[in-house]
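First the structure, in the form of structure tokens, and then the observations on it.
All figures in this text were calculated on a predicted structure; none of them were measured in a lab.
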Amino acid sequence: QVQLVESGGGLVQAGDSLRLSCAASGRTFSIYTMAWFRQAPGKEREFVTGISRRSGRTSYADSVKGRFTISTDNAKNTVYLQMNSLKPEDTAVYYCAADSRVYVPPSPSASDIDYWGKGTLVTVSS
């Protein structure tokens with residue numbers, strides 16, 4: 001089993017930046033892909049960004065490309081999401097995700113994910 005704990009959410013204004021962290025524990029050696037998803041009220045959970053722990057290759061949803069950056073510290077089993085130029089439409093609960101499979105590109109579907117964190121709320125005011 002793998003446990004994921006997110007941190008770093010909060011209330012910010014449009015144009016601000018925020019960094020989310022996700023610490024993984026347990027059978028972390030089994031994780032090949034890590035990702036961030038988000039779910040806004042009344043909407044389905046959607047892919048935001050993913051990274052391959054082996055190759056470092058990344059993938060981004062078009063809506064966040066150029067504004068968000070995913071990175072990992074494999075020694076700390078932690079994945080980060082740097083969010084810049086935040087918009088009100090970025091408001092959502094952000095979920096950290098981990099999977100034991102390799103995806104090329106690293107953009108799994110929510111239904112594919114093995115492990116989920118509990119989520120952290122990001123609210124962007126206009």
Side-chain angles (χ1 to χ4, degrees):
Q1 291 293 323
V2 173
Q3 294 78 42
L4 304 173
V5 179
E6 304 98 334
S7 61
L11 172 63
V12 296
Q13 294 186 332
D16 284 352
S17 298
L18 203 59
R19 189 175 84 154
L20 306 183
S21 300
C22 172
S25 60
R27 297 172 63 87
T28 57
F29 62 86
S30 67
I31 300 172
Y32 284 92
T33 301
M34 296 200 74
W36 289 94
F37 287 74
R38 67 186 181 186
Q39 188 166 17
K43 295 189 177 181
E44 293 187 354
R45 193 170 298 190
E46 64 174 1
F47 171 81
V48 175
T49 178
I51 187 167
S52 169
R53 293 186 75 198
R54 176 176 291 178
S55 68
R57 183 173 179 178
T58 59
S59 181
Y60 295 91
D62 288 343
S63 59
V64 306
K65 210 170 285 185
R67 299 187 299 122
F68 289 12
T69 303
I70 188 171
S71 61
T72 60
D73 183 334
N74 287 334
K76 295 182 179 179
N77 291 313
T78 300
V79 62
Y80 304 97
L81 179 61
Q82 178 66 42
M83 304 184 292
N84 298 329
S85 302
L86 283 161
K87 304 175 182 180
E89 50 263 44
D90 294 318
T91 295
V93 176
Y94 283 72
Y95 295 92
C96 179
D99 198 87
S100 58
R101 287 161 286 195
V102 176
Y103 297 89
V104 181
S107 55
S109 300
S111 59
D112 293 330
I113 295 298
D114 291 332
Y115 306 104
W116 291 100
K118 292 184 178 180
T120 184
L121 177 62
V122 173
T123 304
V124 184
S125 64
S126 57

Can we call the ring centroids of Phe37 and Phe47 under 6.0 Å apart?
-> yes

When rounded to the nearest 0.5 angstrom, what is the spacing between OG in Ser111 and CZ in Arg45?
-> 11.5 Å

Thr28 side chain to Ser25 main-chain N or O, any donor-acceptor pair under 3.5 Å?
-> no

Min side-chain heavy-atom separation Tyr94-Leu81 under 4.5 Å | yes

Which atom names give the shortest non-hydrogen contact between Ala14 and Pro88, and what distance separates them?
-> CB-CD, 4.1 Å

Do Val93 and Trp36 belong together in a cluster built from hydrophobic side chains that touch within less than 4.5 Å?
-> no

Measure the shortest side-chain to side-chain distance between Val104 and Arg57 over non-hydrogen atoms and say whether it is less than 4.5 angstrom.
-> yes

Working for side-chain contact (heavy atoms from CB on, under 4.5 Å), residues Thr123 and Leu121 = CA-CA 6 Å; Thr123 304; Leu121 177 62; 3.7 Å; yes

Within a strict 4.5 Å, meaning less than it, do heavy atoms of the Gln3 and Tyr115 side chains meet?
-> no

Do Arg54 and Asn74 have side-chain N/O donor and acceptor atoms under 3.5 Å apart?
-> no

Crowding at NZ, Lys43 (>12 non-hydrogen neighbours, <6.0 Å) = no

Mind checking side chain to side chain donor-acceptor pair (under 3.5 Å) for Ser55 and listing every partner two or more places apart, or none if nothing turns up?
-> Ser52

Is any side-chain heavy atom of Met83 less than 4.5 Å from a side-chain heavy atom of Ser17?
-> no

Would a distance-only check, ignoring hydrogens and angles, find a side-chain to backbone donor-acceptor pair under 3.5 Å from Glu6 to Thr120?
-> no

Are the side chains of Val122 and Leu18 in touch, meaning some heavy atoms are under 4.5 Å apart?
-> yes

Within a strict 4.5 Å, meaning less than it, do heavy atoms of the Ile31 and Val2 side chains meet?
-> yes

May I ask you to check whether Arg38 and Tyr95 show a side-chain donor-acceptor distance below 3.5 Å?
-> no

Taking the side chain from Tyr60 and the backbone from Ile70, do they hold a donor-acceptor pair closer than 3.5 Å?
-> yes

Between Thr33 and Arg101, is there a donor-acceptor pair closer than 3.5 Å when you use the side chain of the first and the backbone of the second?
-> yes

What is the distance from atom OH of Tyr103 to atom CD1 of Ile51, rounded to the nearest 0.5 Å?
-> 15.5 Å

Flag side-chain contact, heavy atom, 4.5 Å: Met34 against Arg53 | yes

Does the Asp114 side chain pair with the main chain of Ser100, one donor and one acceptor, at a distance under 3.5 Å?
-> yes

Restricting to pairs with a member in residues 65-126, which pass disulfide bond (SG atoms under 2.5 Å apart), not counting sequence neighbours?
-> Cys22-Cys96

Side-chain heavy atoms of Thr49 within contact of Ser59, under 4.5 Å | no

Is the number of heavy atoms from other residues, nucleotides or ligands within 6.0 Å of CD (Gln82) greater than 12?
-> yes

Sidechain-backbone polar pair: Ser85 side chain, Arg67 backbone, donor-acceptor under 3.5 Å | no

Between Arg19 and Tyr80, does a side-chain contact (heavy atoms from CB on, under 4.5 Å) hold up when you go through it step by step?
-> CA-CA 7 Å; Arg19 189 175 84 154; Tyr80 304 97; 3.7 Å; yes

Phe68, Val12: one ILVMFWY side-chain cluster at the under-4.5 Å cut-off?
-> yes

Flag, side chain of Gln39 to backbone of Ala92, donor-acceptor distance under 3.5 Å = no

For the residue pair Asp73 and Thr78, confirm or rule out a side-chain donor-acceptor distance under 3.5 Å.
-> no

In plain terms, say whether Lys87 and Asp90 are close enough for a salt bridge, that is, a side-chain N and a carboxylate O under 4.0 Å apart.
-> no

